[in-house]
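What follows is a short report on a single structure.
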Amino acid sequence: MNPVVFLLIPAITAVAVLLFGRQHRVAETISLLGASTLAASVATGVRGLLAGEVYEHEIVRLGEGVSIGLRLDALGAVYALVASFLWVINTLYSIGYLGAKGHRAHRRFHACFAFSLTGAMGIALSTDLIGFFVFYEVLTLVTYPLVTHEESDTARAGGKVYLSWLLGSSLTLLFLAVTWTWSLAGTTAFTPGGLFERAPNKTTLALLLLLFAYGLGKAALMPLHRWLPAAMVAPTPVSALLHAVAVVKAGVFGLLRVGLDVLGLDHLASTGASQWLVYAAGISVLLASTIACFQDDLKRRLAYSTIAQLAYITLGVAVATSSSAAGALLQVPAHAVSKITLFFAVGAIQVAAHQKKLSEIGGIGRVMPWTMGAFTLASLSLIGLPPTVGFLAKWRLLAGAGQAEAWFPLVVLVISTVLAAGYLLPVVHAAFFGESKTPREHGEAPWPMVVALVTTAVASLLLFFRFEPFLTVLKMLGLES
């Protein structure tokens with residue numbers, strides 16, 4: 001299978017929506033077919049990859065050691081699987097959400113959603129920093145119309161912050177990191193273990209890591225996080241896309257790619273060049289978690305939660321041990337299925353009860369038990385309790401910190417677990433045990449929304465018990481013995 005197929009499927013879906021999707025049901029059908037086709041194709045490719053097959057295609061060679069190409073490898077397979085399968089679920093959810101809210105600009109919505117998956121697949125499959133950079137910018141541009149979908153002044157203001165912060169960080173810091181890497185190594189091709197034959201000195205490596213960490217602004221590492229709360233003006237399916245499917249995962253996936261295949265974990269560990277990032281990520285975890293505890297608006301509470309949870313991945317890369325990197329990688333699907341469930345649930349509450357604040361939802365779990373039951377399960381996964389996939393990720397992060405004999409990340413992980421319970425469990429308590437302040441005539445949101453959020457919640461359990469494919473991926477990457 002040519003990996004170009006993984007980019008063509010969502011691109012063709014987007015074009016088909018624009019050409020034939022004047023009726024919203026047609027646009028929804030095309031989107032659902034395209035999403036399902038991509039998920040099936042990626043799953044087939046990953047099965048082949050695990051069986052030893054190679055999927056690679058060079059698009060264009062720009063010079064010695066520099067090219068734009070596509071390859072399905074173990075690291076990219078995780079991101080591609082997460083993005084493609086959650087596109088299917090998000091499309092189903094969007095059908096119910098847009099139906100309840102009105103099918104305003106539905107063609108643009110579904111087309112941009114599909115184009116965003118083209119960018120995500122390009123990021124997952126790029127064989128080179130140059131190609132990664134190109135698709136990274138594409139993803140920013142095609143998601144901007146989704147952030148501003150409501151076309152209100154507030155939406156445009158949020159979109160302006162979104163675009164300026166993400167483009168500003170990547171076109172300056174990330175571009176400089178890529179060109180500097182090229183000048184030092186003579187290549188920008190991703191190489192297992194890092195593309196430097198000999199590690200640069202500590203200062204150079206630390207500065208390169210600084211440029212990558214903050215140039216990849218989609219990772220929302222504080223203080224370059226402001227775009228994420230600002231983007232909460234978007235419709236809930238878009239918030240789910242930003243937080244779980246494509247955008248923020250592009251940032252942290254980029255950091256994983258840099259740690260494993262550009263700078264190299266061994267180089268980072270032996271020189272101590274990533275030590276500063278351990279503290280930066282740890283502070284980001286604690287600050288964002290603390291801020292989340294004081295947010296009454298549910299989407300803003302979840303937005304700051306995302307900043308904290310993404311910093312776990314950055315922390316795992318910065319600790320630079322095999323276990324910490326394994327935990328960082330597992331945090332990608334763990335956070336994806338958990339956080340998308342939480343956003344789906346908040347969107348369902350908005351649609352069914354027209355409420356969006358913690359102070360308003362007392363007793364809502366008694367009239368929306370499926371929604372809040374799913375929210376509860378996803379919360380337990382995000383906190384990191386067994387038997388959920390979130391536990392598997394956090395356990396390896398803790399083991400990685402122990403492997404490095406690093407006390408600071410251990411303390412951060414323990415405190416942040418308590419803080420995560422502090423900003424998630426009050427929502428659960430209010431929903432099931434709080435006093436209802438307003439009469440509610442309606443129950444659950446439209447069934448496509450409920451099916452979608454229950455599916456992703458159950459996935460956080462299934463991934464715990466069906467862990468073997470991830471274990472194989474970790475072994476292929478040399479992160480598990």
Side-chain angles (χ1 to χ4, degrees), residues 3 54 56-76 79 122-138 169-219 221 250-278 280 313-314 316-322 324-325 328-329 476-479:
V54 177
E56 188 168 6
H57 178 78
E58 184 176 84
I59 298 174
V60 60
R61 179 166 289 276
L62 303 175
E64 186 63 32
V66 181
S67 65
I68 296 178
L70 303 173
R71 178 179 63 241
L72 182 64
D73 63 5
L75 183 59
Y79 180 38
I123 289 169
L125 304 177
S126 288
T127 60
D128 188 281
L129 275 170
I130 303 297
F132 177 93
F133 181 83
V134 170
F135 287 113
Y136 188 88
E137 302 306 320
V138 167
S169 60
S170 62
L171 292 177
T172 53
L173 302 178
L174 182 58
F175 181 77
L176 181 56
V178 171
T179 54
W180 193 8
T181 300
W182 184 13
S183 69
L184 290 173
T187 181
T188 53
F190 295 136
T191 306
L195 48 79
F196 295 103
E197 291 185 10
R198 292 194 336 181
N201 63 65
K202 178 180 178 179
T203 301
T204 299
L205 207 57
L207 286 173
L208 273 175
L209 182 60
L210 177 84
L211 292 173
F212 277 117
Y214 289 106
L216 291 163
K218 293 183 178 72
L221 184 65
V252 291
F253 171 79
L255 283 174
L256 279 162
R257 183 68 86 181
V258 166
L260 294 174
D261 295 341
V262 178
L263 303 182
L265 293 181
D266 289 342
H267 292 333
L268 293 174
S270 63
T271 62
S274 61
Q275 192 61 32
W276 72 267
L277 187 56
V278 172
I313 300 173
T314 305
V317 173
V319 171
T321 64
S322 57
S324 69
L329 180 57
M476 291 175 70
L477 292 170
L479 302 178

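Two residues are said to be in side-chain contact when any heavy atoms from C-beta on lie closer than 4.5 Å; L260 and L329 fail this criterion. Considering only heavy atoms from C-beta on, D261 stays 4.5 Å or farther from L195 through its side chain. D128 is not listed as a side-chain neighbour of F190, based on a closest heavy-atom distance of 4.5 Å or more. Residues F135 and L125 fail the side-chain proximity criterion, which asks for heavy atoms closer than 4.5 Å. With a 4.5 Å cut-off on side-chain heavy atoms, L184 and L208 count as touching.
If you take CG on D73 and OG1 on T127, they are separated by 9.5 Å, rounding to the nearest 0.5 Å. In this structure, CD1 on I123 lies 4.5 Å from OH on Y79, to the nearest 0.5 angstrom. Atom CG of L70 sits about 4.0 Å away from atom CD1 of I59, to the nearest 0.5 Å. Distance check, rounded to the nearest 0.5 Å: OG1 of T187 to CZ of F196 gives 10.0 Å. Taking CZ of R71 as the reference point, atom CD of E58 lies at 11.0 Å (rounded to 0.5 Å). I313 contributes atom CD1, which lies 12.5 Å from atom OG of S324 (distance to the nearest 0.5 angstrom).
With T271 contributing its side chain and K202 its backbone, the two residues share no donor-acceptor pair below 3.5 Å.
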Determine whether V178 and F132 satisfy the following criterion, side chain to side chain contact (heavy atoms under 4.5 Å, CB included), listing intermediate values before the conclusion.
CA-CA 10 Å; V178 171; F132 177 93; over 6 Å; no
Does the side chain to side chain contact (heavy atoms under 4.5 Å, CB included) test come out yes or no for L268 and L277, once each step is laid out?
CA-CA 11 Å; L268 293 174; L277 187 56; over 6 Å; no
Stepwise side chain to side chain contact (heavy atoms under 4.5 Å, CB included) check, L129 with F212:
CA-CA 11 Å; L129 275 170; F212 277 117; 4.0 Å; yes
Quick one, L263 with H267, criterion side chain to side chain contact (heavy atoms under 4.5 Å, CB included). Give me CA distance, side-chain angles, the key distance, then yes/no.
CA-CA 7 Å; L263 303 182; H267 292 333; 5.9 Å; no
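Contact between L221 and A213 at its shortest, heavy atoms only, is CD2-CB, 4.4 Å. For the pair G478 and S322, the tightest heavy-atom approach, listed with the atom from each and the gap, is O-CB, 4.3 Å. The shortest heavy-atom contact between L173 and G215 is CB-CA, 3.6 Å. Nearest heavy-atom pair across L205 and A273 is CB-CB, 3.7 Å. Heavy atoms only, all atoms of each residue included: L265 and V317 are closest at CD2-O, 4.0 Å. R257 and S126 get closest at one heavy-atom pair: NH2-O, 4.2 Å.
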